[in-house]
Student: 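Pasting a structure here, questions to come.
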Amino acid sequence: MRLSLFVSGFFMHYKISKRAASLAPSLTLAIDSKAKQMKADGLDVVGFGAGEPDFDTPQHIKDAAAKALADGFTKYTPSSGIPELRQAIADKFKRENGLTYKPNQIIVSNGGKHSCYNVIIATCEDGDEVIIPAPYWLSYPEMVKLAGATPVILPTSDKTEFKVTPDQLRAAITPRTRLFVLNSPSNPTGSVYTPEEIKALGDVCVEKGVLIMSDEIYEHLLYDGAKHKSVASFSPAHFEHTIIVHGFAKAWSMTGWRLGFLAAPEPIAKAIDAVQSHSTSNPTSFAQKGALAALTGPQDHLPKWLAEYAKRRSYAHAKLNSIPGISCVNSKGAFYLFPNISKLGLKSTEFCARLLEQEKVAAVPGIAFGADDYLRISYATSLANIEKGLSRLENFCKGLAK
Ligand SMILES: *Cc1c(COP(=O)(O)O)cnc(C)c1O
């Protein structure tokens with residue numbers, strides 16, 4: 001693609017690569033920055049757009065990073081992360097998931113997003129296909145395009161709690177299929193596959209020889225007794241077909257730290273290590289010491305956060321369903337609800353633009369996640385905000401019905 005601009009008295013012709021030009025800008029970040037601008041302008045905006053916890057990083061994690069900084073731990077580290085952190089991550093997989101990884105199968109990266117990108121870049125190329133259930137986390141298809149591969153989207157709806165079936169998956173697999181992207185608990189829907197459902201999807205991938213990228217970053221955020229089981233844990237064959245992507249952003253509220261990790265079969269981990277060593281080198285040295293404290297220190301923040309999220313979720317779920325024209329299945333994980341707005345007669349982008357304009361409520365249009373009949377509501381914000389924002393949404397919907 002060529003971009004011509006008249007600058008400094010002459011025309012410049014900028015060539016943008018096909019891959020970069022193929023990307024859609026991040027719609028969640030766009031809504032978020034518009035809402036932030038309105039707030040900065042003094043407007044009383046209620047934000048449901050956040051994709052991050054509203055809690056602070058626990059103090060002992062900050063202290064560990066601050067100490068590392070004070071101690072001069074400020075130089076390059078091994079590109080895949082410091083050995084003690086990779087060991088602590090391997091220990092976490094053993095303890096919580098019953099999975100045995102050697103530290104050289106663990107790669108620490110600059111965020112869970114970076115881990116996903118590394119996986120896709122290291123395993124996919126021109127002509128390959130990657131199967132992604134929709135609604136999807138919006139970066140997956142864009143990363144696939146950056147790798148030169150083709151996203152193959154499997155649509156789902158609230159009728160099946162946004163879950164794909166093994167038959168749907170099997171029908172989408174071709175000789176070109178490289179990866180199946182599984183994200184449970186899910187962003188944007190909050191839906192959680194049962195262990196049986198996960199196993200059945202894993203069985204199809206094992207049978208067909210398709211790798212699974214399992215994004216388990218919300219593994220600790222579960223409600224109503226929902227259980228998380230990694231697809232890697234069902235058999236040695238499932239283990240060998242799975243790359244687990246994870247990170248510190250959600251369960252430890254460390255979004256700005258930019259630290260994620262992955263666990264992969266050895267040849268894939270080795271390839272990813274090479275990619276990372278030539279692109280970003282190591283994740284931030286002292287941040288890694290904070291992450292080590294996150295994994296090895298107390299976890300007592302989590303039940304408190306979960307109790308708070310659960311209260312907000314109950315309120316928001318009931319309130320959304322009380323609004324004429326909206327229906328919303330309850331989420332079982334993460335911190336999102338994904339209400340259906342199709343009866344209200346507006347496409348999701350226009351719905352959200354008008355909602356922000358008229359009622360000063362920021363929500364993310366479902367189209368950003370490949371599902372135009374819905375909105376994403378994040379309840380990683382105070383109950384008072386949720387009450388205020390949802391009563392404004394109610395107002396807005398009543399106005400539409402007139
Ligand atoms: C937040 C998130 C990530 C990773 O975020 P980072 O800030 O890059 O660690 C990965 N996958 C999903 C589905 C997410 O919502």
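Counting convention: from 1, in listed order, for ligands and their atoms alike.
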Student: Could you tell me whether E197 and K163 make a salt bridge, using a distance below 4.0 angstrom between a side-chain N and a carboxylate O?
Tutor: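 Looking at K163 together with E197, the answer is yes, because their closest N to O distance falls below 4.0 Å.
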Student: For atom 12 (C) of ligand 1, which protein heavy atom lies nearest, and how many Å away is it?
Tutor: D215 OD2, 3.4 Å
Student: Out of P188, G112, S115, S139, whose heavy atom sits nearest atom 6 (P) of ligand 1?
Tutor: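 That would be G112.
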Student: Where's the contact between N183 and ligand 1, heavy-atom distance under 4.0 Å: side chain, backbone, both or neither?
Tutor: side chain
Student: Which one of K250, H114, E216, K113 has a non-hydrogen atom at the shortest distance from atom 14 (C) of ligand 1?
Tutor: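 It is K250 that holds the nearest heavy atom.
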Student: Identify whether the distance between the nearest side-chain nitrogen and carboxylate oxygen of D56 and K62 falls below 4.0 Å.
Tutor: yes
Student: Applying a strict 4.0 Å limit to heavy atoms, is Y218 in contact with ligand 1?
Tutor: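 Y218 counts as a contact of ligand 1 under the 4.0 Å cut-off.
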Student: List every atom of ligand 1 that sits less than 4.0 Å from any heavy atom of G111, numbering the atoms from 1 in the order shown and giving each element.
Tutor: 8 (O), 9 (O)
Student: So, does Y193 use its side chain to make a donor-acceptor pair with the main chain of V164 at under 3.5 Å?
Tutor: yes
Student: Starting from atom 4 (C) of ligand 1, locate the nearest protein heavy atom and write down its residue, its atom name and how far away it is, to 0.1 Å.
Tutor: I217 CD1, 3.4 Å
Student: Quick one, M143 and V119 - any side-chain contact, counting heavy atoms below 4.5 Å?
Tutor: no
Student: Is NZ or CZ of K94 both nearer than 6.0 Å to the six-membered ring centre of Y101 and within 45° of the ring axis?
Tutor: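 Here K94 fails the 6.0 Å and 45° test against Y101.
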Student: May I ask whether A249 has any heavy atom positioned less than 4.0 angstrom from an atom of ligand 1?
Tutor: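 So A249 counts as touching ligand 1.
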Student: Compute the ring centroids of F286 and F73, then answer whether they are less than 6.0 Å apart.
Tutor: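 No, ring centres 6.0 Å or more apart.
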Student: Which atoms of ligand 1 sit under 4.0 Å from any heavy atom of Y140?
Tutor: 13 (C)
Student: With heavy atoms under 4.0 Å as the rule, classify the contact between R258 and ligand 1 as side chain, backbone, both or neither.
Tutor: side chain
Student: Any Lys/Arg nitrogen of R392 or E387 sitting under 4.0 Å from an Asp/Glu carboxylate oxygen of the other?
Tutor: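 E387 and R392: not salt-bridged.
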